[in-house]
Undergrad: 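Supplied in structure tokens, the structure appears directly below.
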Amino acid sequence: MDGPGTPTRSKASGRSSVIDSLRGCTLSGVAVNKEELRRKITFPEYLRHAMREAIRGKDVGAAAVVQYYEAAHGEGAEQVGPAEWPMVVFINSKSGGRHGPELKARLQELMGEEQVFDLSAVKPHEFVQYGLSCLEKFASLGDNCAKETREKLRIVVAGGDGTVGWVLGCLGELNKQGRLPVPPTGIIPLGTGNDLSRSFGWGGSFPFNWKSAIKRTLEKVACGPTAHLDSWQVLISMPAGEELEIPYSLKAIEETPLDQELAVEGEIPEKVDCYQGVFYNYFSIGMDAQVAYGFHHLRNEKPYLAQGPISNKLIYSGYSCTQGWFFTPCSSDPGLRSLRNILRIYIKKVNCSKWEQIAVPSSVRSIVALNLPSYGSGRNPWGNLKPDYLEKRGFVEAHADDGLLEVFGLKQGWHASMVMVELISAKHIAQASAIRFELRGGEWKEAYMQTDGEPWRQRMDKEYSTFVEIKRVPHQSIMVRAE
């Protein structure tokens, strides 16, 4: 145990999925009137249709878009005001088991149909590029209704952590383009872990009485306070070779240099492949990512095995027992059991601008860089550490917007199991404002990595190192708190 005493679960992560669902069945405050809610959140018709045509035609200046503007502002046209609580919803209708399509239909009943975007048909970057641009163009022409709608807009994401991160990443482009304000984001949890949702009070599972609870959720999104969330950019630089099979959270990019303040030791290959992505919850290397990778492939090959969050968790737990995390096969070289054999870690510590190398614990088989107080379906492996221990280790209290990642290790499966039921805390390694992992294959031909539950198999090279560099994105995401 790294920290003194038994870690206690944080408020954000202390609810099991079952308890979340049961609490969702209780009445929370005054019942929300359906028609009044619809009136408050539904855009004026001309704005809904103009945004739809701009996205459909991928052209803000399309003739159909212009026609809606002219009809709304022509001579004799009735002037309409903006919605009191304007919002749009992105839904991953494939999430949530059988509830996805039903939830989509329910949301369309509660607001304009054009305000509910199924991610299989409309991608979030298309909404940002064309939908929001439509509102901005109308506002620039003197349309106060469009101006207020754009300024007051809030986003709802119905999906798992990966879906939420996808939407947040696209909204983050608004900062780069100077298109402010960035709409705050609330969450309807439809995934398996739902750690982003837990961290901001939206719960860890879809409530049993969702048809009535969804009205209360939309009201909370409209009226809830906002909070900030750090996001982290991952840059992978590796010897050139066959293309990686990567998750959608990573993109191949042109060759990009690593941080010049930290020199690379040893030879550098003539050509490198680079990939880049963003995460909001965690990045990990090792056995946990290997288990996640195998589970994802099993689920894709046999989708009938995974019909919802509970069955997913049962299959995941069983699969982890078959991957050697609990019992390393006798045929394995004992020297290959620890990440220490292939990994170096460099970090920038709290309030320090210089890179320094830190030791990799000899027994660790998985290393996680964590941004949120919720991991693995609501657990807090870092723990709620006492002030004297924080001072002794040079740590500070962890928050989702503190500009720091908590780096910890998991040993064999038994240790990970004890951490996940919060009987002990994980192996504390560091707190960092920037991280560089350097991996060299040797006898290892591959390693496994993941960001926010999206795993991939990382090929290794015997002669040259692979680098993973993590730095905080300058602009924070804006979230809506349910509490």
Side-chain angles (χ1 to χ4, degrees), residues 123-125 160-163 165-166 168-170 172 231-259 262 264 266-301 316 319 323-325 336 339 341-346 360 365-369 371 405 434-471 473:
K123 305 301 184 283
H125 72 270
D161 286 345
T163 303
W166 184 17
L168 290 178
C170 293
S231 54
W232 298 84
Q233 181 177 280
V234 178
L235 171 64
I236 300 173
S237 179
M238 55 189 291
E242 62 182 83
E243 189 172 342
L244 283 185
E245 180 186 344
I246 55 175
Y248 69 80
S249 56
L250 292 178
K251 305 296 180 187
I253 59 172
E254 295 182 357
E255 183 174 338
T256 303
L258 299 168
D259 191 318
L262 178 58
V264 173
E267 296 184 11
I268 301 175
E270 291 184 9
K271 295 183 178 181
V272 298
D273 292 334
C274 291
Y275 298 85
Q276 193 172 74
V278 174
F279 71 91
Y280 298 85
N281 190 357
Y282 68 91
F283 169 87
S284 72
I285 300 175
M287 185 58 75
D288 72 316
Q290 181 176 338
V291 171
Y293 180 84
F295 169 73
H296 275 244
H297 277 257
L298 178 66
R299 187 171 60 177
N300 290 337
E301 293 170 2
Y316 192 97
Y319 189 83
Q323 297 300 295
W325 201 355
L336 303 184
L339 288 175
N341 295 283
I342 63 166
L343 183 66
R344 291 179 182 174
I345 305 177
Y346 303 87
V360 180
R365 300 186 66 193
S366 178
I367 289 179
V368 181
N371 185 43
L405 292 169
I435 305 173
R436 180 188 289 181
F437 295 108
E438 179 180 356
L439 299 98
R440 180 74 65 87
E443 295 300 320
W444 294 53
K445 295 182 180 180
E446 59 193 22
Y448 292 85
M449 302 180 184
Q450 63 173 334
T451 58
D452 291 351
E454 298 291 330
W456 70 94
R457 181 165 51 195
Q458 178 70 47
R459 58 181 166 81
M460 307 281 285
D461 192 280
K462 288 185 178 181
E463 297 181 17
Y464 302 108
S465 293
T466 292
F467 298 93
V468 179
E469 200 165 84
I470 301 174
K471 292 185 176 181
V473 175

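Bear in mind the structure is a predicted one, so any value in this text is a computation, not a measurement.
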Undergrad: If you look at every heavy atom in Ala289 and Ser284, which pair is closest and at what distance?
TA: CB-OG, 4.1 Å
Undergrad: Hey, what do you get for NZ (Lys471) to CG (Leu405), rounding to the nearest 0.5 Å?
TA: 13.5 Å
Undergrad: Anything under 30° is parallel, anything over 60° is perpendicular, the rest tilted; go ahead and classify Trp456 against Phe283.
TA: tilted
Undergrad: Roughly how far, to the nearest 0.5 Å, is the CG atom of Leu244 from the CZ atom of Arg459?
TA: 5.5 Å
Undergrad: Rounded at 0.5 Å granularity, tell me how far CD in Gln233 sits from CG in Leu235.
TA: 7.0 Å
Undergrad: Check whether Arg440 reaches the backbone of Glu463 with its side chain - one donor and one acceptor, N or O, closer than 3.5 Å.
TA: yes
Undergrad: For atom CD of Glu267, is the number of surrounding heavy atoms from other residues, nucleotides or ligands below 6.0 Å larger than 12?
TA: no
Undergrad: To check you understand the geometry: which heavy-atom pair defines the closest contact between Tyr280 and Gly169, and what is its length?
TA: OH-N, 3.0 Å
Undergrad: Can you tell me how far the OG1 atom of Thr466 sits from the CD1 atom of Ile236, to the nearest 0.5 Å?
TA: 9.0 Å
Undergrad: Just by distance, do the side chain of Gln276 and the backbone of Ile253 share a donor-acceptor pair under 3.5 Å?
TA: no
Undergrad: Please find the pair of heavy atoms, one from Ala369 and one from Ile435, that lie closest to each other, and give the distance.
TA: CB-CD1, 3.9 Å
Undergrad: For the backbone of Asn281 and the side chain of Asp452, can you confirm whether one donor and one acceptor N or O come within less than 3.5 Å of each other?
TA: yes
Undergrad: Distance check, rounded to the nearest 0.5 Å: Leu262 atom CG versus Tyr346 atom OH?
TA: 6.5 Å
Undergrad: With rounding to the nearest 0.5 angstrom, report the CD to CG distance, Glu438 to Leu343.
TA: 9.0 Å
